[in-house]
Structure formats: C-alpha cells, structure tokens
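Below, all heavy atoms of this structure are taken into account, side chains as well, without hydrogens, waters or symmetry copies.
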Amino acid sequence: MNQMNDLIAAIDTYFDAIHECDVEKLNAVFHPQSSLFDADNGNVFVEPIDSFSRDVAGRVSPASVGQDKEAEILMIDYLSPISATVKIRIRAHKNIFLDHLGFVKGENGWQIVSKIWNLERSLD
C-alpha cells in the first residue's frame, strides 16, 4: 500500500471501531499514550485512551441496533510524510460528531495520537 492508502485504512479502522464499539480495533488505531479532548461550555475535558476504551466497551454499538455506518473524511492535511491531521464526521446513534484526529506513522503504522471532538448536532 502507499502512504495515502495506509492512512485511509487506519481511518477506516477508527470508523469501524466506533460503529461496532470494538475495543480491539480502537486500541489498534490509537497510540497507547494518546488522549482525547473536548471543550464544551468553555471547560476542557481530557480523557486518556484507556478510559475512552473502557467507555466504548460499555456502550451499545450502533451496528448492533442496525444503524448503517455513517462516516466521512472531510480533510487530510499531511504535516510530513509520517504525520497528518484528519478531519472527519461520524454518527453514533443520534449524535453527529466532528473529530480532528492527529495521526503519526510509527513502528505500528498510522496511529491516532490525539483526538479533539465536538458534538456537531443531535438528531431528533
């Protein structure tokens, strides 16, 4: 595979991990020292990947209730041949999220080292 295909494969793994609530896929695509960030109402929320993995493991997956996977890549910006910022939109149940994913290509391939997310909207 080439650089773009490898990165897109990692993004697809992330999409599948969220849609299926698959912690094995989640842990494969996130660097073990990564963190997730959100800033609702001006308060910065930081969550290490271990905590996020436990949270995902306890969720009902969108796939298990028959929801189609709705996810799209909005932008890929290469900072270097081994680092990129990816903007995506993904649906989980009634929530539509925008994420900025920081990817770095290391010994385990492309992995997310940081995630900044925002709830774009909820469907009624």
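- Scanning for salt bridge (charged side-chain N to carboxylate O under 4.0 Å, His left out) contacts around D16 gives K69, with sequence neighbours left out.
- Within the 3.5 Å criterion, the main-chain N or O of V104 finds no donor-acceptor partner in the side chain of Q111.
- For the pair S53 and V23, the tightest heavy-atom approach, listed with the atom from each and the gap, is O-CG2, 3.6 Å.
- In the hydrophobic clustering of this structure, V113 does not group with I8; members are Ile, Leu, Val, Met, Phe, Trp, Tyr whose side-chain heavy atoms approach within less than 4.5 Å, directly or through other members.
- With values rounded to the nearest 0.5 angstrom, L101 atom CG is found 8.0 Å from S114 atom OG.
- When all heavy atoms are compared, the tightest approach of D38 to N118 is OD1-CA, 4.2 Å.
- Shown here for C21 and R59, the closest heavy-atom pair between the two residues is SG-CB, 3.7 Å.
- One distance of note links NZ of K94 with OG of S122; it measures 9.0 Å at 0.5 Å rounding.
- Heavy-atom neighbours of E24 CD from other residues, nucleotides or ligands within 6.0 Å: at or below the threshold of 12.
- K105 contributes atom NZ, which lies 9.0 Å from atom CD1 of I82 (distance to the nearest 0.5 angstrom).
- Across all non-hydrogen atoms, the minimal contact from P62 to A92 is CG-CA, 4.0 Å.
- Cluster annotation: V46 is connected to I116 through the hydrophobic network of ILVMFWY side chains, with a link wherever side-chain heavy atoms come within less than 4.5 Å.
- In this structure, CZ on F37 lies 12.5 Å from CH2 on W117, to the nearest 0.5 angstrom.
- Smallest separation of non-hydrogen atoms from F30 and I49: CG-CD1, 3.4 Å.
- For the pair H19 (side chain) and Q67 (backbone), a donor-acceptor distance under 3.5 Å is present.
- Note: I11 CD1 to D99 CG = 11.5 Å, rounded to the nearest 0.5 Å.
- The 12-atom threshold is exceeded at CG of D77, counting heavy atoms of other residues, nucleotides or ligands nearer than 6.0 Å.
- Residues passing the ring pair (Phe, Tyr, Trp, His ring centres under 6.0 Å) test with F52, sequence neighbours excluded: none.
- The main-chain N or O of P48 is never found under 3.5 Å from a side-chain atom of S51 such that the two would form a donor-acceptor pair.
- L119 and L74 are members of different hydrophobic clusters when ILVMFWY side chains are connected at heavy-atom separations under 4.5 Å.
- One N or O on the side chain of H31 and one on the backbone of Q33 form a donor-acceptor pair closer than 3.5 Å.
- Using a 4.0 Å cut-off between charged side-chain N and carboxylate O, D50 and R54 make no salt bridge.
- None of Y78, Y14, F103 except one satisfies the side-chain contact (heavy atoms from CB on, under 4.5 Å) rule with V86; the exception is F103.
- Of all the heavy atoms in A10 and V29, the pair that sits closest is O-CG2, 3.2 Å.
- One finds the CD atom of E120 at 7.0 Å from the CD1 atom of I96 (value rounded to the nearest 0.5 Å).
- No single ILVMFWY cluster, assembled from side-chain heavy atoms under 4.5 Å apart, contains both L98 and L36.
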